Every structure is written in structure tokens, then in C-alpha cells.
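From a predicted model like this one, the values you see are computed outputs, not experimental measurements.
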Amino acid sequence: MNRIDRLTAILTHLQSKRTVRAAELATRFGVSLRTIYRDVRSLEESGVPIIGEAGQGYSLVEGYRLPPIMFTKEEALSMLVAEKLVEKSLGEQSSRFFKEALIKIKAVLKSSEKDLLVEVQDTIQVLKSNPSQVMDKSSKAFHKVLEAISMKKVLLGSYVTFDPEKKTERELEPVGMFHSFEQWYLIAYCRLRNDYRTFRLDRFSKLLVSELSYSTAKHPTLKTYLDQVSAEQKLHQIILKVPDGAMKYLANSKYNYGFVSEERVGVMTEITFMNSSIEGFVRWVISLSDLVVVKHPTILRNRLAELIEEIKTMQG
């Protein structure tokens, strides 16, 4: 961030709170306290009425207001994502208040940014949300996808499949993204496979926006595609009971099998999954059969017992 942008951002930050400490500004912008002191002095010299109180921080003179702030394209898109996440993660009343506040913020957007939000809003869906895990190492890929969708550009990516673990180079025409099972997923037409595919964002080792354009007219909307997948794949709710000592064995792999949530119940942790394949799930959990208990469904418990007997027969 250059100094002009930082000075503008400091001024915006000062207007957002009654008092702001220099250390808070230094942390936010990744600069030293001395740099913040110089920046504040420059704002004062330019005529901004800043009050500095020892031990308290900086504040703006009551009544001073900035003109409407102009948002970048990236900031406008981030607001759209935040709105969709809040719908799933907050209560009805809090969500309503947030939406009303967001409408006021959107009112100051430029016409081009308003048009962009209208065009992109149907390409993002949140099916299930856990606020603590909505974005992690998939963040960079997430913003690249947003950029490609907004510009109608083909994505070039290096994708690592799970089973078997193999890296392939893909050319993708993005349809949209959705959040579910604690992960962000991309739906795209894959030019390598000549078909639509679902990709977990955190499994891209590289993702770039190319100069190649594509037409959205030939692709289904995200909602249409998800409705079709939902009709074709019946998801099963699966609940495992896991003792403390076994949790470490599920820490990473659980996300590949539709992990939804976990809850402490007595001395055990109950982990809930949503998965479309009982057979696929049972062949994973059999490696943990001496450590976990299948609480639900019965069909999975029975199939696990059958598979164990089949293994005994083969090995006997």
C-alpha cells in the first residue's frame, strides 16, 4: 500500500471509531509507530481536525465527516460474499440489520460496481456456513475465481486430486462457487475433461486468470447446476463417536469426506458428515474401526461389519 492510500485508509479508520490508538493503526497497516505518527501529522497539516490525547489515542473533531468513500471492485465483491455468509451464520434479526446496513453502503458504489454485483451475485452460494472456518488457505484462489467470473476469463490452474493424489493442469470456465461442509468449491467447465467438474479451492496449488475469454450463455447457472446435482446425489448424514486419543487421526482427512460439524458429548466427540457414498465412506472409516464408533446410520454400521467379515475371510 502506497502512502497516499494509507493516509486515506487511516482517515477512514478514524471516522469508524470514537478513538483509535496509534498501535492499532500500526498493526493494521503493517508499519512502525513512527510512520503512523508522521502520517497523522501530515493529515493534521492538510487541515484534518485530529485530536490526540496521551494514553487514549486519536479521534476526529465531532461533526467532521468524509465525503462518500469510493470502493474498489475487489472491496465491492467482498461485500457481496460477506452478505451471503451472514445470511447463513447469523440469526434472522441480526442478518436483517446487517443487510440494511449493507444497502446503505452499496448506495455509494459507482454504477459500474453496482452492475458488477448484480451480474455476479448469482454465481456465489452458501449452503452451510461455520463462521470460524469459511476462509483459510483457499483465500487467494477464491479471489482469483471472483476476478475471472467478473471478467469472463478462463482460469489456468494446477489442481491436486485427492485419490489418487495427482497434479493436473486445467483450463476452466467458471460457473460459480459455493460453500458447504466447511469448504469453498468451484463449479467450472473443464476443458481437459470436456465436462463440468467440482473443485475444492484449497486443492489448487496455482490459479491464474488468463487473457482467454469465454461465454456464460452456454453454461447453466450455479443454482441450476446445484439443483441438478442435488437431485442426482442423495446425501447421507453420518455420525461418528470418537475418543480424544483418536481425534488426531481424523484431523485432516475428515474434510475430504464431507465433514460438517463436531460436538463434545461426555468423554467422546461426535463428528457429523454429509456424504453421498456409503460404500466410499465405509472404506475410509474401516481403517479407524478400532478407534471410532458409528452412531448413525445403521446401514453404514452394518456395511462396516460386513466388510470386516469379508476381510477376515480373504485373509483366512
Side-chain angles (χ1 to χ4, degrees), residues 1-86 89-90 94-95 97-110 112-114 116-117 129-147 150 179 182 184 201-202 204-209:
M1 178 183 289
N2 61 46
R3 189 163 188 251
I4 297 300
D5 289 340
R6 189 173 67 248
L7 289 173
T8 302
I10 288 174
L11 191 48
T12 303
H13 197 96
L14 287 171
Q15 186 171 265
S16 70
K17 300 174 70 174
R18 182 183 294 275
T19 305
V20 180
R21 294 180 179 274
E24 178 182 338
L25 293 171
T27 299
R28 178 183 173 187
F29 299 108
V31 297
S32 66
L33 284 172
R34 183 174 297 181
T35 298
I36 293 298
Y37 297 148
R38 285 200 300 265
D39 287 347
V40 171
R41 191 177 306 116
S42 296
L43 289 172
E44 290 175 325
E45 291 172 353
S46 69
V48 178
I50 298 177
I51 301 172
E53 298 183 25
Q56 297 297 318
Y58 299 110
S59 60
L60 293 173
V61 169
E62 184 66 29
Y64 180 81
R65 290 290 181 270
L66 289 170
I69 302 297
M70 293 297 103
F71 291 88
T72 65
K73 180 183 72 173
E74 292 74 18
E75 290 168 340
L77 289 172
S78 294
M79 285 194 295
L80 173 63
V81 176
E83 181 178 14
K84 290 180 177 292
L85 289 171
V86 165
S89 60
L90 292 183
S94 295
S95 180
F97 290 150
F98 179 86
K99 284 185 177 181
E100 290 173 355
L102 204 56
I103 288 172
K104 296 175 183 178
I105 295 174
K106 288 179 179 178
V108 303
L109 294 177
K110 292 181 291 187
S112 59
E113 291 161 353
K114 292 176 182 177
L116 176 63
L117 292 186
S129 174
N130 181 335
S132 65
Q133 300 198 31
V134 294
M135 190 66 66
D136 44 24
K137 62 182 179 179
S138 63
S139 179
K140 289 183 180 179
F142 181 89
H143 290 289
K144 288 294 184 183
V145 174
L146 275 182
E147 182 182 350
S150 65
H179 183 267
E182 315 307 322
W184 279 101
L201 288 192
D202 64 339
F204 281 102
S205 60
K206 180 183 70 176
L207 196 63
L208 301 173
V209 180

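- With rounding to the nearest 0.5 angstrom, the CG atom of L146 is 7.0 Å from the NE2 atom of H143.
- Heavy-atom minimum distance, V40 versus Y58: CG1-CE2, 3.7 Å.
- Nearest heavy-atom pair, K144 versus L207, reported as atom, atom and distance to 0.1 Å: CG-O, 3.7 Å.
- Here E44 pairs with nothing under the salt bridge (Lys or Arg N to Asp or Glu O under 4.0 Å) rule; sequence neighbours left out.
- Taking each heavy atom of F142 and L201 in turn, the nearest pair found is CA-CD1, 3.7 Å.
- Taking the side-chain contact (heavy atoms from CB on, under 4.5 Å) definition, one finds that T35 meets it with R6, V31, S32, R38, D39, sequence neighbours left out.
- For A26, the side-chain contact (heavy atoms from CB on, under 4.5 Å) test picks out L33, I36, with sequence neighbours left out.
- Looking at heavy atoms from C-beta onward, L60 lies out of side-chain contact with I51 at the 4.5 angstrom threshold.
- To the nearest 0.5 Å, the span separating CG on L14 from CD1 on I50 amounts to 5.5 Å.
- R18 approaches S59 most closely through the heavy-atom pair O-CB, 2.9 Å.
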